[in-house]
Amino acid sequence: TQLLEQSPQFLSIQEGENLTVYCNSSSVFSSLQWYRQEPGEGPVLLVTVVTGGEVKKLKRLTFQFGDARKDSSLHITAAQPGDTGLYLCAGEGETSGSRLTFGEGTQLTVNP
Amino acid sequence: GAGVSQSPSNKVTEKGKDVELRCDPISGHTALYWYRQSLGQGLEFLIYFQGNSAPDKSGLPSDRFSAERTGGSVSTLTIQRTQQEDSAVYLCASSLIGITYEQYFGPGTRLTVT
């Protein structure tokens, strides 16, 4: 069974601060996705990383896929209250096809 | 274009009753997934449909849970003899099958069993 561990589980910061969320596994993934979920809504896809060592930027968000494709990180620069939400990583296993393995999520609160 | 829709958005039911939750995936998406999410937690995989293949039911927690997908489109998740521990948000997602399997989620159905 493939597992994805996210850390931290909870994060509360002030507007303008930087933060990093981690997603780790002992398994190799073909790709890894990051989602953000707001209360009362379903998760929304932010980015997909496919290549080991890949870095993708989405405005103030930077996503990195580990060289060995076992881990990923999400870095937010100058966080804003609108960044508040549950951040989920999800990995596509090399043999699991389209069934994704989700991490437990990081609940981020950005205080004004 | 329309996204994934789910109905009802909220469902309150008494313990022991059966419930049906509906999911309308994005048109043309061949894969459909059901997940369960407890408050503020990650997603628990329930079942996966892909085209005409037999569904992957390995995540269903008990035989009280079942799902079907008619005509390769709409799906219904049925929970029989509901228990209080079934209370959660049930999320449906759909995706195209390609190089990566990016999933598009509906807003979920919040189920409360009293």
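Below, chains carry the letters A, B, ... as their sequence lines are ordered, and counting in each starts from 1. Quick caveat: nothing in here was measured; it's all calculated off a predicted structure.
Applying the 6.0 Å contact sphere to CD of Q80(A) captures more than 12 heavy atoms from other residues, nucleotides or ligands.
Annotation: maximal heavy-atom pairing with chain B below 4.5 Å, among G103(A), P43(A), A90(A), G42(A), occurs at P43(A). Between chain B and the options E41(A), Q9(A), E104(A), heavy-atom pairs under 4.5 Å are most frequent for E104(A).
Residue Q33(A) comes nearest to Q103(B) through the heavy atom pair OE1-N, 4.0 Å, listed as atom of the first residue, atom of the second, then distance.
With a 4.5 angstrom heavy-atom cutoff, Q107(A) does not touch chain B via any of its atoms. Using a 4.5 Å cut-off between heavy atoms, E44(B) makes no contact with chain A at all. Interface remark: F10(A) contributes no atoms to any contact with chain B (heavy atom separation under 4.5 Å). No part of Q6(A) comes within reach of chain B, as not one of its non-hydrogen atoms sits under 4.5 angstrom from that chain.
In the hydrophobic clustering of this structure, L11(A) does not group with Y22(A); members are Ile, Leu, Val, Met, Phe, Trp, Tyr whose side-chain heavy atoms approach within less than 4.5 Å, directly or through other members.
Taken from CG in L45(A) to OG in S95(B), the straight-line distance is 11.0 Å, to the nearest 0.5 Å. Y35(A) contributes atom OH, which lies 5.5 Å from atom CZ of F105(B) (distance to the nearest 0.5 angstrom). Between L46(A) atom CG and E102(B) atom CD the span is 11.0 Å, to the nearest 0.5 Å.
Residues of residues 75-92 of chain B having a heavy atom under 4.5 Å from any heavy atom of chain A, listed by number: L91(B).
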